[in-house]
Amino acid sequence: MKRRFVKCAKGAVSLFLIVLLLPFTQIATILVSAQRYNSSIGLLDEVIDSSSLSTLSDYEGYIRERFGLFGVAQKTELSTNFNSYFDYNRSGLLEKAFSDKLAVNVTGDLPLNDDDILLAQIKEYNKLNAPINMLNDGLDLSELIKKFEKKFDLSNILDMANSGVDICNGALDFNESYEKLLKLSEKLDKLKSTYQDKYSEFNKAIGDIYEKRDEIAKLESKDNTLSDELTALKQKLESLNKEIEDNKDNNDKLKEIQKNIEELNKQIKDKEKEISDNKSENSKKNSEIKSLINTFNTKRDDYANSHTDLIVKLGEYKKEMKAALDNINALIKSTGDFVTSTEKSVSELNKVDAENDNKKIKKELESYESKEADERYYELVFQQSDNDDTIASNTINKGIADGFKSANTEISELCTEAEQAFDEKAIQGTIDTLTAQKSTVSSLTAESVKNKKDGSEYYTEINVVLNREQLKRLYDYFDGLSDKIGADLSDMWEGIKSFLESIFKVKLVYDPALCSKIDTNYFANQFGIKIDNPATNPVASFIQSVGNFVTGFVDLATGLASFNFVKAWNGIKKVFTSLYNLIKSLIEIPVQIVSNVVQYIKDPSKMLLPYYFTKTLPCRTDYKTGSNMTGASFSKIEYANYGDSGVNGLPVIESVVSLFNLVTGEKEANDKMFCGAELEYLLAGSESEIANQSTVFGMLYVIRLLLDIPGWSKAAELQALASGPHYGIIFAIYLLLEPFLDCVLLVNGSPVSILKDVPYLSVAGMTEFIPKIVSVVPTDSTSKAKMKDKFARIWKGTGEAMDDAEYSYDKETVVSEKDNTDKKNPLAKYGKDLLKLNYKEYLMLLMLLFSNHDSELKLFKNIIQMETQAYNTKNLKGDFDLRKSYTQINCTVTGSATPLLATAFSESIFKFKRQQCRGY
């Protein structure tokens, strides 16, 4: 048994060796597997990196070409696209290195929808493109915005408008007083007549009583005489009766006595009757005097009451007249103070000899005709502009001061006449006398005046002079002044209206072909884009005040012929008030501009963003012909196309105010893309393309208005047009119309100089404007001549000057925007034409002056979304979502390595999780 066991021990050494070598073999295998794993992981990282870069290389071509931005393509799912590259790259060497199932998780990150990411890409793109293009274009933005750091001093015009309101209030207050005084004057005439009539009645009552008492006295005297006579007769009768006794025997004597007695009895009877009749008459007279006393009392009261009414009305007249004159004097003083203040500013401005300085500058500038513009050139140009500001302020303030001074002198002289005719002391003396007289008359009784033949001692002659003629002259002056203002404004309006109608064929506030209205609900629901209504624009209140001013002006100019005094002056007051509000809102705009300029002074790199937007987006003037910085044509953009059918035509020229209304048309908001005015959307932010154009037109209008003010110092026509307090209105109307013409040229493709030498609304300027406007809008020679004639109507008395203007309509001397390039000196096209800019360059200036980068960036994202979506829809590339336009890929791969030898473990000990982030 033992031997047999030993024989079976063959191969035990091998087993022993296996047992001994197995751990070493496993260790070696693990080490080899570890090395293999590490090598495979390195290759896996390369595969992930290669797949990520391959996926990133499949970027959205449209936004790269159009906007210079990178974002992964969205035609296929990001994970699907990545996995296809990943599977392809891992095949071969790595195919058996890992287990069959690798968990691959790919996510996009940092989309262009993120403001910081978008801004970073724009700045990266601008590093190479913007500075080069800005140099080629010759735009020295810092010099452009410096112009707005100084604003023309409009404080005197603001004071002028306020003083104009004061004159209107003075005229209206005076008219109110004048009407009251006229009524009081008429009333006083009636009361004076009543007073005299009542005195006559009162005086007659006194005379009637006196006469009646005289009659009664006579009757009483007569009664006494008759009584005495009757007594004598009776005594005589007694004597005859005694004689009868004595002559009883003497028949003849007795008969005679009897006869005498009969005669005497008859006389006594007659006398008694006469006495009775006299007593009856006396009784009647006494009854009559009672009635006369009652009449006297009535007439006395009436006469006393006539004093009351007269005293009251004389007091009212005195008070109203004093108030009227005080108001006029207050007006004279306030206007005089304004004139003094304005004249003082003029005298101070005269100390600065800006005109002589400009002559020196002009001579130096002439040397640049034969050499390139340099830094000194621009320094001279802007110094000349500053001098123009000074000259303009001096000229305008002098015109304002002279106009108000002339009116104030006339008013002062007429007021003095009225004051001299108005004897306040005499009126008060009359009032005092009548008051005392009334008291005396009221206390009179019939008994107290029984011995008075008349009431002359109770009468005062009313000799108060009512200064109606002087008041009428003052009223006529105000009435004539309103007529003069109305006539000047009416003539001016007819000329302006006629001239505007002659250029009405050009595009004005908006291009009717660009009338898209974005369906905000579609973008909000589909892509989460919220297109808000435009924020309050810094020039919105100013544009509204322009509308109010023009409305008041047109209403006054067109309706004055049918206006009465009050309506006329209320209309003038409305114009002055709206002018005050207009200037006040205008003054506030440069303050906002300067605050924006400060940010560029602190960080000049911020200028690049407006430049990028301007060069990247189309506007109303170049959406068909322009291109971006990379040369991509705007004409390839998939615009919404409406032609001219989207809106109901242009605003009506008769209502100038409508040119500033942000009309949106009647079409529904169902568009997915703008028609071409994208840069305007960036500035205004409305879903309505028409509203955006109108808003930008208004912003552009404000900038041109601020720049046009100094040029009016060179327009002699304005100085000769009108004299009087409405000079400021005349100035304001032309000041408002001048930038309108600038904007008309700009939106029709003609460039306009930042610093114009003369205004277009002058004879010299119109010789430039008409060729420019006809160069962008084909017009026959007849229409051109009519345009000149229409213009001549604006300036009264300047028709001959227009006829003598040296230029030809048929000479196309205006350099087009495209040809306006000096190959030798890129700056020359701005320098020689005083920084001439086209419409789009002005929009960049608007961004610099009224910028809100946060808002602009959000609106720019909307444009990217709309444009790319429209492009993809047209080319059947599916939807585009800016939120999925990723600029970075985050990849996570998890799994385990395939072991070389089977182990006792159910899972590989080589597990891994690899993460990578790759972006543009």
Side-chain angles (χ1 to χ4, degrees), residues 138-154 156 345-399 590 593-594 597 703-719 735 738-739 742 751-769 806-807 813 815 820 822 824-837 841-842 845:
L139 283 175
D140 189 345
L141 299 180
S142 60
E143 287 296 330
L144 293 181
I145 61 179
K146 280 181 181 178
K147 177 62 183 174
F148 293 94
E149 291 184 85
K150 294 183 178 180
K151 63 179 184 294
F152 178 76
D153 184 10
L154 297 172
N156 277 337
S345 68
V346 170
S347 64
E348 289 174 354
L349 289 169
N350 280 333
K351 294 177 183 178
V352 181
D353 197 358
E355 292 181 350
N356 290 336
D357 191 28
N358 269 357
K359 290 178 182 177
K360 296 176 183 178
I361 292 174
K362 184 178 180 181
K363 289 183 179 180
E364 189 171 350
L365 286 175
E366 289 175 355
S367 65
Y368 284 88
E369 294 296 331
S370 59
K371 64 179 182 180
E372 295 182 0
D374 55 15
E375 186 176 348
R376 173 60 179 168
Y377 180 89
Y378 288 107
E379 182 182 340
L380 291 171
V381 167
F382 281 98
Q383 179 58 44
Q384 187 180 49
S385 176
D386 290 341
N387 288 338
D388 285 343
D389 287 347
T390 301
I391 296 169
S393 180
N394 178 74
T395 304
I396 293 167
N397 289 338
K398 186 177 185 304
I593 290 176
V594 172
V597 169
I703 295 303
R704 283 308 320 167
L705 189 149
L706 290 170
L707 293 169
D708 281 337
I709 295 175
W712 280 107
S713 63
K714 302 177 183 179
E717 298 90 341
L718 181 64
Q719 311 305 323
L735 182 60
E738 179 69 20
D742 293 337
V752 174
S753 297
I754 285 283
L755 308 176
K756 285 162 54 180
D757 189 39
V758 292
Y760 290 136
L761 282 175
S762 63
V763 173
M766 190 50 55
T767 60
E768 297 181 14
F769 175 79
E806 296 181 359
Y807 79 97
T813 57
V815 181
N820 193 14
D822 190 324
K824 181 179 179 182
N825 178 16
L827 299 178
K829 73 172 184 176
Y830 297 101
K832 300 301 183 182
D833 291 319
L834 298 179
L835 301 172
K836 183 174 288 187
L837 304 181
E841 290 164 338
Y842 268 103
L845 188 59

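Just the heavy atoms: all of them, side chains too, but no hydrogens, waters or symmetry mates, feed the values below.
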One pair to check against side chain to side chain contact (heavy atoms under 4.5 Å, CB included): Ile754 and Leu845. What are the steps and the verdict? CA-CA 11 Å; Ile754 285 283; Leu845 188 59; 3.8 Å; yes

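We find the CD1-CD distance between Ile361 and Glu364 to be 8.0 Å, quoted to the nearest 0.5 Å. For the atom pair CG of Asn358 and CG of Leu380, the computed distance is 10.5 Å after rounding to the nearest 0.5 Å. Lys359 NZ to Lys363 NZ: the interatomic distance, rounded to the nearest 0.5 Å, is 9.0 Å.
Contact annotation: the side chain of Tyr760 approaches that of Val752 to within less than 4.5 Å [non-hydrogen atoms, C-beta and beyond].
Contact between Arg704 and Pro739 at its shortest, heavy atoms only, is CB-CB, 3.6 Å. Minimum heavy-atom separation, Lys836 to Glu841: O-OE1, 4.2 Å.
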